[in-house]
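To start, the structure itself, in structure tokens.
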Protein chains: 2
Amino acid sequence: MTAPQRRSWQDIRDILRGQILDRSYRPGDKLPRDEDIAAALGCARSTVQRAMQDLVDTGLVARKRKGGTRVRPDPVTRATFDIAVTRVEVEATGATYGYELVSQARARTPEAVVARFGLKAPEEMLHVQALHLADAAPYVFEDRWISLASCGEIEAVDLSRQSANEWLVHHKPYSRIDLRFYALQADETLARQMQTAPGAALLVLERTTWLEAVPITTVRSVTRPGHQIVAQNEA
Amino acid sequence: MTAPQRRSWQDIRDILRGQILDRSYRPGDKLPRDEDIAAALGCARSTVQRAMQDLVDTGLVARKRKGGTRVRPDPVTRATFDIAVTRVEVEATGATYGYELVSQARARTPEAVVARFGLKAPEEMLHVQALHLADAAPYVFEDRWISLASCGEIEAVDLSRQSANEWLVHHKPYSRIDLRFYALQADETLARQMQTAPGAALLVLERTTWLEAVPITTVRSVTRPGHQIVAQNEA
DNA sequence: TAGTGGTCTAGACCACTAA
DNA sequence: TAGTGGTCTAGACCACTAA
């Protein structure tokens, strides 16, 4: 006889998810109380709790005290993306990574940057433009503003050798991030930088970070033509 | 005297995260064993475990049995997106939702769709094109292929009244999803559908779903000009 | 092979909130 | 206000893996 294994929370999750997927429980339906599920499946309540936590994270069920657990009536697709340092991302594709500093200068933040940070007034920051290359072809063009108030030391760093991306990641942790994606039509300048045709549709990733309430950096990363961002395989 | 509250796992997480953010522990550094942290902070080991689980989910630390817990040396930005049914998304902006079926027909899957599903050969599926509107303006144009093998019933549904998006979400759960973003230059046809200029840069969201190994549907959703996808506020 | 994280259990008490 | 999920604890055993 095969030894009866103790049930893990993944087992419990799979059983419950199976019942949701095969529509034993339909969107909006209420599941039994954790305690009853535990009794029925022969495990501790905390094991059910752990399984439920996973189903909540996945967006499959919603839980409320006293209200119980229900299959979400308005299912959402929950996707997670990991965005690494550009160098690591390039090297992960097997390509050779390259980097070029395009410009570096103190400047007053334009209105768009003031808005991204939610500043009250424009401020002098470090403005850095740089190109990341994969096998010598443009991979990402980044246009970055770095707060001198929180990252003054970066002015002593040689940004033609080490990208601001890399330096910040290793020296300036953040506690809050605002992240967005959109499509951008390349203008003449950008097209030249990305070695593509003016008017090309490019995917842009915009990131703004703070440490508590203090601005750190905001960056607009324009990706190479045809670039796709793929989500982790989920659920 | 204020009552000494028992420490919650969130408290523990905040303490640890604080020590990482203020660089008491730097990228690559090893943290103490859970048991020692528990003793130092006066809580049970399982509470530390719960806090650590959150830090792992956030991408801040990595844990290995015997190897211990280390601050990630290659920090990643981890972003989570919730993608709701288009109707819900539009209504959440306060706009009035509208929907128009553009076309619906059985057809052999083109090469791109065969590839997305990873099929061995083309297959007859239901091809549906539809436009979602926000305050009567184009919001999302979706080009969808639905597997007849797994979703044959949908042919009995009046897709001019209810979007395939909505029907599928409520009747066809999936267990696997492939999700990607990219930018697309509008051609003549698409520009007309989205009421924009040919050549406009549009953000595209592509989703392909399976139930176990069985294809369900694949959809290319072209968003309106200027559309941004914003991540949940994290960390 | 020894050390560390992963997980399960049983029980307790708390915090929300639907009814 | 009663019922349900959320969390903590102490202890046990297991599963990985660095050394």
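Numbers restart at 1 for each chain; the letters A, B, ... are given by sequence-line order, proteins then strands. Quick note: numbers below take in every heavy atom, side chains included, and nothing from hydrogens, waters or symmetry partners. Here the structure is a predicted model, which is why all the values come from computation and not from measurement.
- Look at A:Arg63 and you'll find a side-chain N or O under 4.0 angstrom from OP1 or OP2 of D:dG6.
- Side-chain atoms of B:Arg50 stay outside donor-acceptor range of the base of C:dG6, with no qualifying N/O pair under 3.5 Å.
- For C:dT4, the OP1/OP2 oxygens have no side-chain nitrogen or oxygen of B:Gln49 closer than 4.0 Å.
- What separates CE of A:Met52 from P of D:dT7 is a distance of 14 Å, to the nearest Å.
- B:Glu35 comes within contact range of no nucleotide atom at all, as no heavy-atom separation falls under 4.0 Å.
- Look at NZ on A:Lys64: it is 12 Å from P on D:dG6, rounded to the nearest Å.
- The local environment of CD in A:Glu35 is sparse, with at most 12 non-hydrogen atoms from other residues, nucleotides or ligands closer than 6.0 Å.
- In this structure, C:dA18 forms a base pair with D:dT1, meeting either the Watson-Crick or the G-U wobble geometry with both donor-acceptor distances under 3.5 Å.
- Between the C1' atom of C:dA18 and the NZ atom of A:Lys66 lies a distance of 5 Å, rounded to the nearest Å.
- Between B:Arg7 atom CZ and C:dC13 atom C1' the separation is 20 Å, expressed in whole Å.
- Between B:Thr69 and C:dG5 there is a side-chain N or O to OP1 or OP2 distance below 4.0 Å.
- Applying the 4.0 Å criterion to OP1 and OP2 of C:dA10, one finds that A:Ser46 has every side-chain N and O outside that range.
- The existence of a salt bridge linking A:Arg33 and A:Asp36 is confirmed by a sub-4.0 Å separation between a basic side-chain nitrogen and an acidic carboxylate oxygen.
- Computed from coordinates, the A:Leu55 CG to D:dG5 C1' distance equals 14 Å when rounded to whole Å.
- A salt bridge is absent between A:Asp178 and A:Arg176; no separation between the charged side-chain nitrogens and carboxylate oxygens falls under 4.0 Å.
- With B:Ser8 contributing its side chain and B:Asp11 its backbone, the two residues share a donor-acceptor pair below 3.5 Å.
- Here the nucleotide nearest the side chain of B:Trp9, chosen from C:dC8, D:dT7, C:dG3, is D:dT7.
- Proximity of B:Gln53 to the phosphate of C:dT7: no side-chain N or O atom is located under 4.0 Å from OP1 or OP2.
- Taking atom CG of A:Asp34 as the reference point, atom C1' of C:dC13 lies 16 Å away to the nearest angstrom.
- Counting atom types as modelled, B:Arg45 pairs a side-chain N or O with a base atom of C:dG6 as donor and acceptor under 3.5 Å.
- The separation between A:Ile12 atom CD1 and C:dG6 atom P is 20 Å, rounded to whole Å.
- Rounded to whole Å, the distance from CD1 on B:Ile37 to C1' on C:dG5 is 11 Å.
- Residue A:Arg33 places at least one side-chain N or O under 4.0 Å from the OP1 or OP2 atom of D:dT4.
- Here A:Arg207 does not pair with A:Glu142 in a salt bridge; the nearest charged N to carboxylate O distance is not below 4.0 Å.
- DNA chain C is contacted by both A:Gly67 and A:Ala44; A:Ala44 maps to the nucleotide lying nearer its 5′ end (nearest heavy atom per residue).
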